[in-house]
Amino acid sequence: MFTIKFKIIIAYTVVFGVMLTIFAAIIYDSTKEAAFIKLDTNLKSYSISLRTEIEDELGDSTSLNMKKLSSIRAKGLVGEKFQLFDSNGELIVKDSTLSKIPTESLSKVSSGPFVYEKKRIDHHKYHILWSTFETEKDSTYILETAASVKDVYEDLDRLFYLFLFIIPSGLILTGIAAYFISKAAFKPITQMTDTARNISGENLDERVEIPKAKDEVRALAETLNKMIERIDNAFKSQKRFVANASHEIRTPLTVIQTELEILEKKIKDNESKESIQNALSEIEDLTRLTSSLLAIAKLDSSQNKLNLNQIRIDELLADCAQTMNQAALKKNIQINLSLDDAVEMNADKEKLKSVFLNLIDNAIKYSAPGSRVTIVLEKKSGSKIKISVEDNGIGISSSEISYIFNRFYRSNEIRAEINGSGLGLAIAKEVVELHRGEISVESVIGEKTVFSVTLPTNL
Ligand SMILES: Nc1ncnc2c1ncn2[C@@H]1O[C@H](COP(=O)(O)OP(=O)(O)OP(=O)(O)O)[C@@H](O)[C@H]1O
Ligand SMILES: [Mg+2]
């Protein structure tokens, strides 16, 4: 696929190439014409000088002074030579390289005072000038003068080779210039594309840079920014709606839960009791879902700032294990804690708590009854700590492992059997990253899963 930049470079180069070639052809042609006009003018001057001398000499005597005639030089001519004929074409002065006048050409060469002709003699091109004149004694003579065009063609060849060098060099320079010009012209568009490409649901507050020049590119940037603003507003109102809805749902849910718990205690009929227990379990799931939605909405909004305090992470982990113990006992799962030292760190206690509660909840949820969950806290180099939560549960397949931190992602196999919203790990990842930490997972399907959280202690 050709980019606009590439097309502009090609267009510039082709147009300049055509112009340069036409220009070179015109210069070559006019130089050639001027050179031949000059050659013919010089040939004529040579002919006139010779003729004047011949007229002078033939006026005084009947013989010619050949030495004097040969010494007459011609300006700007190469290999000039001459022959003299009488009116019948009989040679009076002969040159070794020039030939006799063929009888059929006699009338042509003597048709005017000056008749030009081009001829090839011994593989060399010559310009010939026939000059017919009369002496005072009324005798007619034909003077043939000739000059080689070798020098003219040598000069033209030099010009031709110069163009052969200049045109490709000019084209290369035009290509380079066109590249830089189009690069500069497209720079704002390239910047806009990069910014627009990086804008996602997470950073809709970013805007593309507005170029200073009031041109089409500026109009495009402004339109793009307005569009991003509209999307941003739509996203914000959607998030506000989710946050408000979750918040509003929580209060009636708590009321329903309390009422049902009271009712469950009062009812003696086992069948009705079971129905109420089922309803309570559903309400519990719904309460957890609304809490997760509220948490994710808060993380999305500007309220995602951390409420940092000096906390004891070992105590927090013990607290989480304690909270989850009830659920673990229901499945006869043992939670083991390995917390070496007391570790203090700067963190948002409530948010970190939600991370570990979800990891332990997952470890219990996705493990068979009677198995074990191990929580390990280790100090690492560079003021870092690592917390791992390991289980011997169902594991996660390698094809799914890259999706589990996505919002609402749940494994297809467990979707129908185990309750959950698929938000727990997405929230955990965001909270850990807000603490400048990392969360990772290793798993062997059907054997074990280990989630590791690395956090800096000096945030
Ligand atoms: N310890 C684990 N063992 C096996 N699979 C796991 C484990 N932890 C998470 N997963 C997989 O990752 C998915 C996403 O987990 P996540 O905690 O985000 O959601 P959830 O547990 O399904 O729902 P909830 O929002 O209630 O936490 C799970 O549905 C499950 O498929
Ligand atoms: Mg979970």
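Hydrogens, waters and symmetry mates play no part in the numbers below; they use all other heavy atoms, side chains included. This one's a predicted model, so the numbers in the text were calculated from it and none came from an experiment. Note that ligands are numbered from 1 as they come in the structure, with each ligand's atoms numbered from 1 the same way.
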Shortest protein contact, atom 17 (O) of ligand 1 (heavy atom only): Asn362 ND2, 2.8 Å
So, Asp319 side chain and Gln322 main chain: donor-acceptor pair closer than 3.5 Å or not? no
Going by the order shown, which atoms of ligand 1 are within less than 4.0 Å of some heavy atom of Gly420? 23 (O), 26 (O)
Looking at Arg73 and Glu80, is there a salt bridge between them, counting it only when a charged N and a carboxylate O are closer than 4.0 Å? yes
The test is side chain to side chain donor-acceptor pair (under 3.5 Å); show your working for Asp348 and His435 and say whether it passes. CA-CA 8 Å; Asp348 187 320; His435 281 85; 5.8 Å; no
Could you grab the angle centred on the Mg ion (ligand 2), going from OD1 in Asn358 to OD1 in Asn362, to 10°? 100°
Only heavy atoms of Lys365, strictly under 4.0 Å: list the atoms of ligand 1 that pass. 20 (P), 21 (O), 23 (O), 26 (O)
Which atoms of ligand 1 sit under 4.0 Å from any heavy atom of Phe451? 1 (N), 7 (C), 8 (N)
Any nitrogen or oxygen of Ile396, side chain or backbone, less than 3.5 Å from one on ligand 1? no
Does Thr195 reach the main-chain N or O of Val208 with its side chain, forming a donor-acceptor pair under 3.5 Å? no
Out of Ser421, Gly424, Gly395, the nearest non-hydrogen contact to atom 26 (O) of ligand 1 is supplied by Ser421
Short list, please: which atoms of ligand 1 are under 4.0 Å from a heavy atom of Ser411? 29 (O), 31 (O)
Applying side chain to side chain donor-acceptor pair (under 3.5 Å), run through Glu400 and Tyr409 and close with a yes or a no. CA-CA 9 Å; Glu400 283 187 307; Tyr409 183 82; 2.7 Å; yes
Report yes if Asp361 has an N/O atom closer than 3.5 Å to an N/O atom of ligand 1; otherwise report no. no
If you scan protein heavy atoms around atom 12 (O) of ligand 1, the nearest is Ile404 CG2, 3.4 Å
Looking only at protein heavy atoms, identify the closest one to atom 22 (O) of ligand 1 and say how far it is in Å. Arg410 NE, 2.6 Å
Is the shortest side-chain N to carboxylate O distance from Glu430 to Arg407 below 4.0 Å? yes
Subset of ligand 1 atoms that lie under 4.0 Å from at least one heavy atom of Tyr409: 13 (C), 14 (C)
Under 3.5 Å, is there a donor-acceptor pair between the side chain of Asp391 and the main chain of Val373? no
Pairs of nitrogen or oxygen atoms closer than 3.5 Å, one from Arg288 and one from ligand 1: do any exist? no
Under 3.5 Å between any N/O of Asn419 and any N/O of ligand 1: does that happen in this structure? no
My understanding is that only one of Asn362, Thr449, Leu425 makes a side chain to side chain contact (heavy atoms under 4.5 Å, CB included) with Ile404; could you say which? Leu425
Using a 3.5 Å distance criterion without hydrogens, assess whether the side chain of Lys331 forms a donor-acceptor pair with backbone atoms of Ile364. yes
Mark the output for Gly393 as yes if a heavy-atom distance to ligand 1 is under 4.0 Å, and as no if none is. no
Students should be able to answer this: which protein heavy-atom is nearest to atom 18 (O) of ligand 1, and at what distance? Leu425 N, 2.7 Å
Could you pull out, from Ile427, Asn358, Ile418, the option with a heavy atom nearest to atom 27 (O) of ligand 1? Asn358
Do the side chains of Lys448 and Glu442 get close enough for a salt bridge, i.e. N-O under 4.0 angstrom? no
Test of proximity, Tyr366 against ligand 1: N or O pairs below 3.5 Å: yes
Does the side chain of Ser246 pick up a donor-acceptor pair with the side chain of Thr290 at under 3.5 Å? no
In terms of ring plane angle, is the pair His127 and Phe36 parallel, tilted or perpendicular, where the classes change at 30° and 60°? parallel
Name the closest protein heavy atom to atom 1 (N) of ligand 1, giving the residue it belongs to and the distance to 0.1 Å. Asp391 OD2, 2.9 Å
